[in-house]
Amino acid sequence: YYILGDILYRKKEYKQAKHYTKLYIEGRDSLKNPFSYFPSKGDGYFILANIEQGQKQYDDAIEHYHEAIHLWTSYYGTNNKKLLTAYRELANIQLLTGNYEEGLSNLQTFLNKLIPDFKEDDILMNPALEEMPSNLLAIDVLFNKAKLWKNYFQKEQDIGLLEHSISSYL
């Protein structure tokens, strides 16, 4: 069901894709092995959120991205690419709906989870270079944060927002 739901989603056949993806998620509930339950059910919620985002059902998509994040964090911990993808999609929804600060807040939350020594809720703050982990995930988050600041600037034409974008790249 997962593959069928994903294929139908990519073909923009959202109603059918949603049906098969929900069947997949329900099937995960019957599994006895928690190691196969958490990541695969998280994958199902992620596809479901993508479908809802494609249908412009943003509130439902946000709810299901959060469910995927919860399941993936329970299984993988905080340092994994799937989480970045989910947080990036949340930020994209906020970008589409004009909720730039909420999108930035989602990316900031992921930075806080990803970098143990960095605990800063202020969306203007970025980790120092020496706080950055050796993997590229944190750099990816900062890149997405800078893109969101840039789009916020394009909408508002406030030079301060562009300065925040530049500081996120550095």
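In this structure, CG in N106 is found 7.0 Å from CD1 in I69, a value given to the nearest 0.5 Å. The distance from atom CD of E163 to atom CG of L124, rounded to the nearest 0.5 Å, is 11.0 Å. Residue D43 holds its CG atom at 12.5 Å from CG of L48, rounded to the nearest 0.5 Å. In this structure, I123 CD1 and T109 OG1 are separated by 10.5 Å, a value rounded to the nearest 0.5 Å. Atom CG of residue L90 and atom CZ of residue F110 lie 11.5 Å apart, to the nearest 0.5 angstrom.
Of all heavy-atom pairs spanning Y65 and Q53, the tightest one is OH-OE1, 2.7 Å. In terms of heavy-atom proximity, I93 sits nearest to A61 at CD1-CB, 3.7 Å.
Crowding of E101 atom CD: a count of heavy atoms from other residues, nucleotides or ligands under 6.0 Å not exceeding 12.
The side chain to side chain contact (heavy atoms under 4.5 Å, CB included) test with Y45 singles out one residue from E67, H66, E63, H70, and that residue is E67.
K145 places no side-chain N or O within donor-acceptor distance of the main-chain N or O of L104, the cut-off being under 3.5 Å. A side-chain donor-acceptor contact under 3.5 Å links Q108 to the backbone of D122.
Residues I62 and Q94 form a side-chain contact, since some pair of their non-hydrogen atoms from C-beta on lies under 4.5 Å apart.
Take K11 and apply the salt bridge (charged side-chain N to carboxylate O under 4.0 Å, His left out) test, not counting sequence neighbours, and it matches E13.
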